[in-house]
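These numbers come from a predicted model, not from an experiment. Index from 1, following the sequence.
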Amino acid sequence: MSLLDNIKIVLIETSHTGNMGSAARAMKTMGLSKLCLVNPIVKPDSQSISLAAGASDIVKQAQIVNSMQEAIADCQLVIGTSARSRHLQWPHLESFQSGDKIIAEALLGHKIALVFGRERVGLTNEELQKCHYHVSIPANEKYSSLNLAMSVQVLCYEIRMAMLRLNEQPPVENESIDYPKDQDLERFYHHLEQTLLQTGFINPNHPGQIMGRLRRLFTRARVEQQELNILRGVLTSIEKK
């Protein structure tokens, strides 16, 4: 099994089937094969197969799901692509850093999702808050328009280069860190919100204001599975009181 088998490319609500095929071609040239389509506006068709060229197998085997949550549920690392600065700053990676980070986590056996948004508007703030890191491509500030397949190509290239750098280095024993899957983190955030609502700490009419910042706090900390279990225990003890 290749390290790259732990990595999936996730496309959110893609509206042009040609972009699906072009993204698949970009993936295959760099050795990636797992494509996930979240609620595509149009299902893959003959145009996607045509533009995939020799990568039609990736399109045909693509996983199709209804939500980003479903796509990333089994992942321990989620990186979202964003060209825009956000009001609530999030842990950020440059494109070359994303490749090193992804390969380092793949070495630990973690499953990773690299998430791309809609062609016109990208990822929503809510979707970006489900990511551990945001990554951007340092394009020309005067003309930074990259289409979806180009963005996939650039970041898949960074992943491949990171893997090639790894192959040139002597093997190093990696410390195994047990990070929680995204679905476990979402259960924690739901538990946290419900507990803070019960204690009156957050306004039930505007819970997102506090919860967004708490998500950022725990995302920066990158809690491990055992730490998450402790936090869940703390919340349970508060509920009992």
Between Arg215 and Glu186 (salt bridge meaning N to carboxylate O under 4.0 Å), is one present in this structure?
yes

So, taking the atom named OG in Ser98 and the one named CG in Leu93, what distance separates them when rounded to the nearest 0.5 Å?
6.5 Å

Closest non-hydrogen atom pair, Leu35 against Met20
CD2-O, 4.5 Å

Do Asp182 and Gln69 have side chains that get closer than 4.5 Å, going by heavy atoms?
yes

Check whether any side-chain heavy atom of His191 sits under 4.5 Å from a side-chain heavy atom of Leu235, and report yes or no.
yes

Could you give me the CA-CA distance, side-chain angles and deciding distance for Leu51 and Arg25, then say whether side-chain contact (heavy atoms from CB on, under 4.5 Å) is met?
CA-CA 8 Å; Leu51 288 178; Arg25 183 175 183 178; over 6 Å; no

Do Val10 and Met68 have side chains that get closer than 4.5 Å, going by heavy atoms?
no

Is there a path of hydrophobic side-chain contacts, each under 4.5 Å between heavy atoms of I, L, V, M, F, W or Y residues, that connects Val223 with Leu217?
yes

Test item: Ser56 side-chain N/O and Ala52 main-chain N/O as donor-acceptor pair under 3.5 Å:
no

Atom CZ of Arg118 and atom CG of Asn39: how far apart are they, to the nearest 0.5 Å?
8.5 Å

Can you see which heavy atom on Phe96 is nearest to which on Glu158, and at what distance?
CA-OE1, 3.5 Å

In the structure I gave you, are the side-chain heavy atoms of Leu155 and Ile102 within less than 4.5 Å of one another anywhere?
no

For the side chain of Glu224 and the backbone of Asp178, is there at least one donor-acceptor N/O pair under 3.5 Å apart?
no

Minimum heavy-atom distance between Lys8 and Ala71, given as atom pair plus value:
NZ-O, 2.8 Å

With rounding to the nearest 0.5 angstrom, report the CD1 to CE distance, Ile9 to Met30.
12.0 Å

Less than 4.5 Å apart, side chain to side chain, heavy atoms only: is that true for Lys130 and Leu185?
no

Using the rule given for side-chain contact (heavy atoms from CB on, under 4.5 Å), can you reason through Leu77 versus Arg222, listing the C-alpha separation, both sets of side-chain angles and the distance that settles it, and then say yes or no?
CA-CA 10 Å; Leu77 175 66; Arg222 194 82 194 280; 3.9 Å; yes

side-chain contact (heavy atoms from CB on, under 4.5 Å), that's the test. Do Leu166 and Leu107 meet it? Break it down for me.
CA-CA 10 Å; Leu166 175 70; Leu107 278 169; 3.8 Å; yes

Over all atoms of both residues, closest heavy-atom pair of Lys34 and Ile7:
CB-O, 3.6 Å

Determine whether the side chains of Asn229 and Gln225 contain a donor N or O and an acceptor N or O closer than 3.5 Å.
yes

Flag if over 12 foreign heavy atoms under 6.0 Å of CE, Met150:
no

Kindly work out whether a path of hydrophobic side-chain contacts (I/L/V/M/F/W/Y, heavy atoms less than 4.5 Å apart) joins Ile58 to Leu37.
yes

When hydrophobic residues are tied together by side-chain contacts of less than 4.5 Å, even through go-betweens, does Leu196 share a cluster with Ile230?
no

Gln61 vs Ser33, test: side-chain hydrogen bond (donor to acceptor under 3.5 Å, both in side chains). Steps then yes/no.
CA-CA 9 Å; Gln61 296 169 15; Ser33 60; over 6 Å; no

Identify the heavy atoms of Ile210 and Phe201 that sit nearest to each other, and give their distance.
CG2-CE2, 4.2 Å

So if you build clusters from Ile, Leu, Val, Met, Phe, Trp, Tyr with side-chain heavy-atom gaps below 4.5 Å, do Ile238 and Leu197 land together?
no

Straight-line distance of Gln226 CD to Ile177 CD1, nearest 0.5 Å:
12.5 Å

With a 4.5 Å heavy-atom cut-off, do Leu114 and Leu32 have their side chains touching?
no

Can you check whether Asp57's main-chain N or O pairs, donor with acceptor, with Lys28's side chain at less than 3.5 Å?
no

Going by ring-ring contact (aromatic ring centres under 6.0 Å, His included), name the residues that satisfy it together with Phe218, two or more places apart in sequence or in a different chain.
Phe188

Side chains of Thr14 and Glu119 in contact at under 4.5 Å (non-hydrogen atoms):
yes

Side-chain (Asp100) to main-chain (Gln97) donor-acceptor, under 3.5 angstrom:
no

Going from CG on Leu214 to OH on Tyr189, what distance comes out if it is rounded to the nearest 0.5 angstrom?
8.5 Å

Nearest 0.5 Å, please: how far is OH in Tyr179 from CG in Asp184?
15.0 Å

Linked, directly or transitively: Tyr157 and Ile103 (ILVMFWY side chains, under 4.5 Å)
yes

Locate the shortest heavy-atom distance separating Ser82 from Ser136; write the atom from each residue and the value.
O-CB, 3.2 Å

Donor-acceptor under 3.5 Å (Thr81 side chain, Val115 main chain):
yes

side-chain contact (heavy atoms from CB on, under 4.5 Å) between Cys131 and Val78: does it pass, once the steps are laid out?
CA-CA 5 Å; Cys131 303; Val78 181; 3.9 Å; yes

Ignoring hydrogens and geometry beyond distance, is a side-chain donor-acceptor pair present between Thr17 and Asp45 at under 3.5 Å?
yes

Would you check if Arg187 and Arg232 make a side-chain contact, meaning some heavy-atom pair closer than 4.5 Å?
yes

Test item: His134 side-chain N/O and His92 main-chain N/O as donor-acceptor pair under 3.5 Å:
no

Donor-acceptor under 3.5 Å (Asn6 side chain, Ala106 main chain):
yes

